[in-house]
Each structure stands twice: as C-alpha cells, then as structure tokens.
Peer 1: 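Quick one: this structure, given as structure tokens, is what I'll be asking you about.
Quick note on labels: first sequence line is chain A, next is B, and so on, each numbered from 1. The analysis underlying the following values was restricted to heavy atoms, covering all of them including side chains, and did not include hydrogens, waters or symmetry mates.
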Protein chains: 2
Amino acid sequence: MYKIGEIAKQAGVTTRTLRYYEQLGLLSPSEVSTKGYRYYNDNSLNIITRIRSLQHVGLSLDEIKDVIGLYFKQKKQVEAKEKTLNYLHVHLNEIEQKIKLLHKAKAELKEQIQTTQQRLSQLAEKGQKNGGSKS
Amino acid sequence: MYKIGEIAKQAGVTTRTLRYYEQLGLLSPSEVSTKGYRYYNDNSLNIITRIRSLQHVGLSLDEIKDVIGLYFKQKKQVEAKEKTLNYLHVHLNEIEQKIKLLHKAKAELKEQIQTTQQRLSQLAEKGQKNGGSKS
DNA sequence: AAGAACCTTGACGTTTACGATAAGGTTAAA
DNA sequence: TTTAACCTTATCGTAAACGTCAAGGTTCTT
C-alpha cells in the first residue's frame, strides 16, 4: 500500500494527475482511509503505466476510459466479453490507421531527404571544381 | 488566386483556422490586398493539406511550424541544405519513434483480443452443453 | 508534544486549436 | 446603386489535461 505521493513518484506522474484520473473515473485508489487518505497498490502502478502509454500513442483520457478496463478487468459474462472484443477491434483499427498515416509521412520525408542529399552533392561537385578539399 | 473562403472550402477547413495558422506563422496568404483581403494560391492548398496530415498523426501546430518549411522551401546554400537535412533526420526519428510505440500498442491489443476470444469460446462450449443453438 | 512532511478539498490559471458572435468594411451581382 | 455574400479585426468561449496556490487536517519522526 502506497500513499498517493509515493505511487505518483514511482509512476512518474504528479499527485494532481492521479486525483484528476480519479475524478474522471479512470483510476480509483485501492483503498481510502476514514480520514480520506488515498492508498494504492502495485496493480495501480500497472494501470497508470498503461494509461500513460495509451496517452502517448494519441488516445485521449476519455477514449482511454473506454478501453482501460479491457486490459485489467476479467469480465465473466459472454455479452460483456463480446462488447470488450468490439471495443478492442475498434481501438485496433484506430491504431492501424495512425500507423498507416505515419508510414506515409515517413516515406515522404525519406524522399525529401534523398532529393535534398542529391542537391547537396551537386553543390559539392561544383565546389570541387572551384575550390578543392578543406582538410 | 482564391479568397479565404474559397480556399478554406477546398481544403476542408474554416476561415478561422486559416487566420489562426497565419497568426502562428504557419501559413501566410500569397497576397494581401490593400484593403486587407487575403488571397491564396494552389500552393497554399498543398501546405494546408500537409499541415492537416501532420496534425492527424499527432504533431502539434508548434511542432509542425518547425518542420513544415522542410516540405516546401528550397534552400540554396550548402550550409542551409545541411541544416535542412539535419532537421529532416530529427523529424524522421520522431516519426519512427511514434510508429514503434503504435506497433507496441497494437501487439498488446492483439494479444488481448486473442485471450478474450479464447475465454469467449470456452464460455460458448459450456453454453453448448447446457443450452444448444438459438436459431 | 511539536515540527516536518505529507495529505485533503477547493478553486483559479494555462495551453492548444480552434468556434462563435459582434460590428463594421468590401465585392460582386442584379 | 442597392443588396447579398463575403471579408476584416476583436473578443469571448470551450474542452483537455493538468499546474499551482491556499487553507487547513494527518502522520511520522524526534
């Protein structure tokens, strides 16, 4: 059991962030003392890490809220599982779309690099004729 | 030459967006009349499209501002070209990083889908024994 | 029992990328 | 020349994801 400050440190986030996540219904403390102190366990750490990594790839906290449970909750009904599967597939599609777009951007960038390099070596040749080497 | 409303329509953005881009130094009209009317040309359209696609893969307008010139400006000095090349490579790295992260997320998702599917078919088997088909 | 160091709930501030008026000037068509 | 349709600047509003106090309660250490 960790207090909010400790687990925040371990997870590399601020306490404000954790309280905010709680407010959004993303992550609750595993226990709350009678005095209102929040306590977290090791599983909390996994969840925070997962949230952060999903955020990193472009999901909003709202979208994450929709899917974060799928990584951790063990639903028992058939219907729940099917719903889960649906979410997962939608999520997968979104990610695949983003990957495609990034690949496209990458290809264009590489092309740009090539032509820039070519023009650069053309300039270098002209430099050779006029000036010679530097070292 | 297009007025702001026309090019906005063609590009699928609002005039507000274009004025905002201008404010950020991302994209200026190719010409401004004495009365202050903004006029854009076909090249503007390409730039807007590029901005949008970069935005789509997760770059902020601020980041885009740093790199958008690389796609369009033709530097003429050797030094400028080398600098451009550097920028291009940095940008490429960033994009490759994002791709990696997305691939990781994708792999995890696929795994999740598999195990969910397995659990689902286990439930289905049990259902068979007890109930039978629905149609 | 007294501090230091932590925690609590507000509540206001900030950045990003625009949307939505408002109040008025310009252009183009009838 | 009038009017619709467009343009201008200016300003206020918004959602997201927190940062940053403030004012006070709690826990831990000494």
Peer 1: Find the distance A/L61:CG to C/dT16:P and express it as a whole number of Å.
Peer 2: 18 Å

Peer 1: Measure NZ/B/K3 against P/C/dG25 and give the value in whole Å, please.
Peer 2: 17 Å

Peer 1: What parts of residues 11-38 of chain B reach DNA chain D, counting only heavy atoms under 4.0 Å away?
Peer 2: B/R19, B/G36, B/Y37, B/R38

Peer 1: Which whole-number value in Å describes the distance from B/M1 CE to D/dC7 P?
Peer 2: 14 Å

Peer 1: Is it true that A/N46 and A/T49 share a donor-acceptor pair across their side chains at a distance under 3.5 Å?
Peer 2: no

Peer 1: When rounded to the nearest 0.5 angstrom, what distance separates NZ in A/K9 from NZ in A/K3?
Peer 2: 13.0 Å

Peer 1: Could you tell me whether the phosphate oxygens of C/dA17, OP1 or OP2, come under 4.0 Å of any side-chain nitrogen or oxygen in B/R52?
Peer 2: no

Peer 1: For B/I7 and D/dC7, what is the distance between atoms CD1 and C1' respectively, to the nearest whole Å?
Peer 2: 15 Å

Peer 1: Could you please name the option among D/dA17, D/dT8, C/dT8 that lies closest to any side-chain atom of B/I4?
Peer 2: D/dT8

Peer 1: Tell me: CG of B/L59 to P of C/dA17, nearest whole Å?
Peer 2: 10 Å

Peer 1: Rounded to the Å, how far apart are B/E63 CD and C/dT15 C1'?
Peer 2: 14 Å

Peer 1: Quick one: B/Y39 OH to D/dC7 P, roughly how many Å, whole number?
Peer 2: 9 Å

Peer 1: Drop me the distance from B/M1's CE to B/Y40's OH, to the nearest 0.5 angstrom.
Peer 2: 11.0 Å

Peer 1: How long is the straight-line distance from CG of A/L101 back to NZ of A/K106, given to the nearest 0.5 Å?
Peer 2: 14.5 Å

Peer 1: Is the shortest side-chain N/O distance from A/Q55 to OP1 or OP2 of D/dC18 below 4.0 Å?
Peer 2: yes

Peer 1: Within a radius of less than 6.0 Å around CG of A/N43, do more than 12 heavy atoms belonging to other residues, nucleotides or ligands occur?
Peer 2: yes

Peer 1: Would you mind reading off the distance between B/Y2 atom OH and D/dC7 atom C1', rounded to a whole angstrom?
Peer 2: 19 Å

Peer 1: What distance separates A/Y21 OH from A/R52 CZ, expressed to the nearest 0.5 Å?
Peer 2: 3.5 Å

Peer 1: With rounding to the nearest 0.5 angstrom, report the CZ to CG distance, A/R50 to A/L27.
Peer 2: 13.5 Å

